[in-house]
Amino acid sequence: MIIRIPKGTQDILPEDIEKWNYVEKIIKEVANRFGYREIRTPIFEYTELFARGIGESTDIVTKEMFTFLDRKERSLTLRPEGTAPVVRAYLEQRMDRLFPVTKLFYLGPMFRSEKPQAGRFRQFHQYGAEIIGTSSAQVDAEIILLCLEIFRKLGLKNLEVLLNSVGCKKCRALYLRELKSSIHQEIDNLCTDCKKRYYKNPLRILDCKNVSCQSIIKKVPALTQYLCEECQEHFQEVQKYLKVLNIEYRLDPRLVRGFDYYTKTAFEIICKELGAQNAVSGGGRYDYLVEEFGGKPTPAVGFAAGIERTILAMQQQKIEWPKDSGIEVFVAKINQEKELFAFELLQKIRMAGISAEMDYSFRSLKGQMRLADKLKARYTIILGEEELSRDRILLRNMQTKEQKEVEIEKIINELKTVFNKF
RNA sequence: GUGGGCGUAGCUCAGACUGGUUAGAGCACUGGAUUGUGGCUCCAGUGGUCGGGGGUUCAAAUCCCCUCGCUCACCCCA
């Protein structure tokens, strides 16, 4: 029995890598244009970083982390998300000393031990951006714009921005009290999950898709009606800036995200073509996280988006990306005895900066031509007995089928001219 | 963790309900179509423990049980 790939992981094969490179290129280009600098943090961190950052009672921390002990028996965890590590790096590297406001973006694999389904994997890839050090509502709007600009550059359509505010410590505590008391009589009619949530994380009840829970929640006032003056003002400002940027959004009072660290702004970008897991991007403000990790009180906001889901949505929408253009030169030989000469010539061409390939076994010329075609070679050099005896080789244009004799010593220069590489 | 669907050639799938000769097709791959030339066409060939194990039967890809895997959905999220 051959060894198989672990559940929920996937190989990105050569025929797919073009899309990945393309998407990653666009992400980096747009993020840089918006003034975000790339950061790469380790794939694993000490477990407590996530436990404290994301929240002890969240689904991710309680049941979805890949956690293991190192040789000194310290608990490590494969990162399930990117924000906590970035904030850790921000503090540890004292980035607050470099700029008053720090703008970072990242790109890389994340790990969650969930049951895979469409658009969900155990190893998946996220890109995201964080802006640390300002509470201005402008940057909340900018983060959303950055997301949308990446999608726009990629050609994605049918996106919808969902927006909510989850308040701060003060107003959330007030609201939770109100929420609990207003559904207290109906607690027996909640689903089993929500009964637990009532005590552990009542805010999540708002997000429950269960029909009976929904009918109960309907009567409950929205969190946004309980926002304190400061949060209310911030929420209005975010919307003001979104309108200035002509960004359409839908207010969703039931939008609650899965991490405990969110405050005020919470948003999600969904794509209809994605199936059940339709969030292609999500994020929000996290004004207490830096402090939680031992820094001084520092407001921040960020987002994360899924590369697999981005690519999935692009495929659903039949969006084209640059295709593999093939090699420039294929070296074919008629006579097996010319094998040494062919090999030497092949490497010379490559050293001259021109992509080249040949057949390493000994096949018929027809077979070699087929290979040249399959590799999408633009030119094929044919080493023929008769031509070589006159110190010449054949250069065939694969598209026009024109071929001409070239003196051996002039072939490299000829190729450089053809491909305009000097 | 719970539930539905599906596992037959490298890929996409027929065949299974109504067990019965050497399990098929298309694509891909390799070779060939007067011996030095690709894409199209034609011909031929390579390739399968029918996911695995057990059972029923004279006989199992086909019926029954178990198991593994994939997939979609729930929970939650990118």
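Everything quoted here is computed from the prediction, not taken from an experiment. Below, read A as the first sequence line, B as the second, and so on, with proteins coming before strands; counting in each chain starts at 1.
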Just name whichever nucleotide pairs with [N], Watson-Crick or G-U, keeping both distances under 3.5 Å, else none.
N      : answer
B/rA60 : none
B/rC50 : none
B/rG36 : none
B/rC74 : B/rG1
B/rU12 : B/rA25
B/rU30 : B/rA44

Nearest-angstrom distance, [atom1] atom, [N] to [M]:
N      : M      : atom1 : answer
B/rC75 : B/rU67 : P     : 27 Å
B/rG26 : B/rG36 : P     : 32 Å
B/rC13 : B/rA23 : C1'   : 14 Å
B/rA33 : B/rC70 : P     : 46 Å
B/rC17 : B/rA61 : C1'   : 14 Å
B/rG5  : B/rC43 : C1'   : 41 Å
B/rA14 : B/rC74 : P     : 27 Å
B/rG24 : B/rU8  : C1'   : 10 Å

How would you label the contact of [X] with the nucleic acid (heavy atoms, under 4.0 Å): base, sugar-phosphate, or nothing?
X        : value
A/Phe111 : nothing
A/Phe330 : nothing
A/Glu114 : base
A/Gln403 : base
A/Gly119 : base
A/Ala118 : sugar-phosphate

I'd like to know if [X] and [Y] make a salt bridge, using a cut-off of under 4.0 Å between side-chain N and carboxylate O.
X        : Y        : answer
A/Glu292 : A/Arg52  : yes
A/Glu414 : A/Lys404 : yes
A/Lys153 : A/Glu149 : no
A/Arg390 : A/Glu407 : no

For this session: Take A/Pro116 and A/Ile60, find for each the nucleotide of RNA chain B with the closest heavy atom, and name the residue whose nucleotide sits nearer the 5' end.
Result: A/Pro116
Seminar exercise, completed: Heavy-atom nearest nucleotide on RNA chain B taken for A/Pro6 and for A/Ile307; more 5' hit belongs to A/Pro6
Between atom [atom1] in [X] and atom [atom2] in [N], what is the gap in whole Å?
X        : N      : atom1 : atom2 : result
A/Leu13  : B/rG10 : CG    : P     : 16 Å
A/Glu15  : B/rC11 : CD    : C1'   : 11 Å
A/Ile3   : B/rC68 : CD1   : C1'   : 16 Å
A/Asp59  : B/rU2  : CG    : P     : 16 Å
A/Leu312 : B/rU71 : CG    : P     : 13 Å
A/Gln117 : B/rG1  : CD    : P     : 15 Å
A/Ile381 : B/rG38 : CD1   : C1'   : 16 Å
A/Leu394 : B/rU37 : CG    : C1'   : 9 Å

Can you check whether [X] has a side-chain N or O nearer than 4.0 Å to OP1 or OP2 of [N]?
X        : N      : result
A/Gln277 : B/rA78 : no
A/Gln368 : B/rU37 : no
A/Lys374 : B/rC29 : yes
A/Arg363 : B/rU30 : yes
A/Lys115 : B/rU2  : no
A/Ser364 : B/rG32 : yes

Please determine whether any donor N or O and acceptor N or O are separated by less than 3.5 Å between the side chain of [X] and the base of [N].
X        : N      : result
A/Arg396 : B/rG38 : yes
A/Lys401 : B/rU37 : no
A/Glu387 : B/rG36 : yes

Exercise. A/Asn164 side chain to A/Pro253 main-chain N or O, any donor-acceptor pair under 3.5 Å?
Worked result: yes
Exercise. Can we call the ring centroids of A/Phe419 and A/Tyr379 under 6.0 Å apart?
Worked result: yes
For this session: Check whether the ring centres of A/Tyr261 and A/Tyr286 lie less than 6.0 Å apart, and answer yes or no.
Result: yes
For this session: For A/Glu273 and A/Asn158, test the side chains for any donor-to-acceptor distance below 3.5 angstrom and give the result as yes or no.
Result: yes
